[in-house]
Amino acid sequence: MCKTKGWLRFYDRPVSIKRHLWRIINHLEFLYSIIQRKPQKILEIGIGTASHSFFVSHFVPFVIGTDNDLQIIKNAQISGKYFGKGVKFVVADAFNLPFKDTSFDLCFSQGFFEHFNDEEINNLINEQIKVANSIILSIPSLYYGRLD
């Protein structure tokens, strides 16, 4: 289940086209920073609407999105029929990822790390760097919505 209980209400249904486009446009610099590295295999931690996984799947051959909430995964699978290009989704605990070491070129998340304390963040980063060669993350700030 989601660590922060209110988030399932925020992601309680498949993403609409308007919200999907908003999530891409609002995070364009962040998404571009992922694509310009030309990864072949990427992993998203904490997918939310999965719009970011869907978008990068048009530029990256292999994309897996994870979340610890089955309902969020189910909604993403429905949305994927419209927006995705073969994104695979896995229910997973970000503190104990079910992937072999260095399975991915890159691991990314947006709006995920701010839900944890410093020790948990350290553990999450250590877990992600085991399964991916690099990590790109975005954390909302005072400038969120204007600057990623």
Side-chain angles (χ1 to χ4, degrees), residues 1-35 39-132 134-141 144-145 148:
M1 293 295 286
C2 287
K3 181 177 175 161
T4 309
K5 289 187 176 184
W7 286 107
L8 187 55
R9 285 195 317 258
F10 189 71
Y11 300 119
D12 66 345
R13 64 186 59 93
V15 67
S16 67
I17 184 70
K18 182 178 180 182
R19 191 162 167 211
H20 176 67
L21 291 172
W22 181 89
R23 299 218 8 105
I24 291 166
I25 291 166
N26 238 14
H27 300 100
L28 198 55
E29 291 298 322
F30 172 66
L31 295 168
Y32 181 69
S33 71
I34 294 167
I35 294 164
Q40 297 300 299
K41 296 170 84 176
I42 62 173
L43 175 67
E44 181 179 12
I45 305 292
I47 59 170
T49 63
S51 289
H52 297 149
S53 284
F54 297 142
F55 182 77
V56 297
S57 73
H58 294 278
F59 305 92
V60 178
F62 186 79
V63 179
I64 291 182
T66 64
D67 204 284
N68 68 346
D69 192 295
L70 180 59
Q71 188 59 51
I72 287 174
I73 295 290
K74 287 179 179 180
N75 290 342
Q77 289 169 330
I78 293 167
S79 298
K81 294 174 185 174
Y82 306 100
F83 306 119
K85 188 179 174 215
V87 178
K88 293 180 180 26
F89 296 104
V90 175
V91 175
D93 177 356
F95 291 96
N96 187 23
L97 294 169
F99 307 106
K100 293 180 183 176
D101 290 359
T102 64
S103 296
F104 300 91
D105 301 315
L106 189 142
C107 183
F108 77 96
S109 64
Q110 193 288 317
F112 176 74
F113 280 97
E114 71 272 14
H115 299 286
F116 302 95
N117 65 40
D118 290 349
E119 182 180 344
E120 291 170 321
I121 290 169
N122 189 46
N123 292 337
L124 288 164
I125 289 174
N126 286 332
E127 184 67 15
Q128 290 177 28
I129 206 68
K130 282 186 350 189
V131 300
S134 62
I135 300 170
I136 295 179
L137 57 101
S138 167
I139 299 172
S141 72
Y144 188 67
D148 224 350

Compare all side-chain heavy atoms of [X] with those of [Y] and state whether any distance is below 4.5 angstrom.
X	Y	result
I45	C107	yes
T66	V91	no
I125	F113	yes
I47	I72	yes
L43	V131	yes
F108	L137	no

Under 3.5 Å donor-acceptor pairs involving side-chain atoms of residues 93-104, not counting sequence neighbours:
| residue | atom | partner | partner atom | Å |
| --- | --- | --- | --- | --- |
| D93 | OD1 | F95 | N | 2.9 |
| S103 | OG | K100 | N | 3.2 |
| S103 | OG | K100 | O | 2.5 |

**Prompt:** Do you know the tightest heavy-atom contact between V90 and I73?
**Reply:** O-CD1, 3.6 Å
**Prompt:** Any idea which heavy atoms bring L106 and A132 closest together, and the distance?
**Reply:** C-CB, 3.8 Å
Spacing of [atom1] belonging to [X] relative to [atom2] belonging to [Y], to within rounding of 0.5 Å:
X	Y	atom1	atom2	value
H115	S109	NE2	OG	10.0 Å
F89	S79	CZ	OG	8.0 Å
I78	K81	CD1	NZ	6.5 Å

**Request:** Might you work through the side chain to side chain donor-acceptor pair (under 3.5 Å) test for Q71 and N75, ending with a clear yes or no?
**Result:** CA-CA 6 Å; Q71 188 59 51; N75 290 342; 3.1 Å; yes
**Flag, side chain of E120 to backbone of D118, donor-acceptor distance under 3.5 Å** = no
**Prompt:** Just by distance, do the side chain of D105 and the backbone of K41 share a donor-acceptor pair under 3.5 Å?
**Reply:** yes
**Message:** Under a 3.5 Å cutoff, is there a donor and acceptor pairing between the side chains of R23 and T49?
**Reply:** yes
Could you tabulate the donor-acceptor pairs under 3.5 Å formed by side-chain atoms of residues 55-65, not counting sequence neighbours?
| residue | atom | partner | partner atom | Å |
| --- | --- | --- | --- | --- |
| S57 | OG | F54 | O | 2.6 |
| S57 | OG | K85 | N | 3.2 |
| H58 | NE2 | F83 | O | 3.2 |

**Prompt:** Are S138 and F112 close enough, and set up right, to give a side-chain contact (heavy atoms from CB on, under 4.5 Å), and what steps lead you there?
**Reply:** CA-CA 8 Å; S138 167; F112 176 74; over 6 Å; no
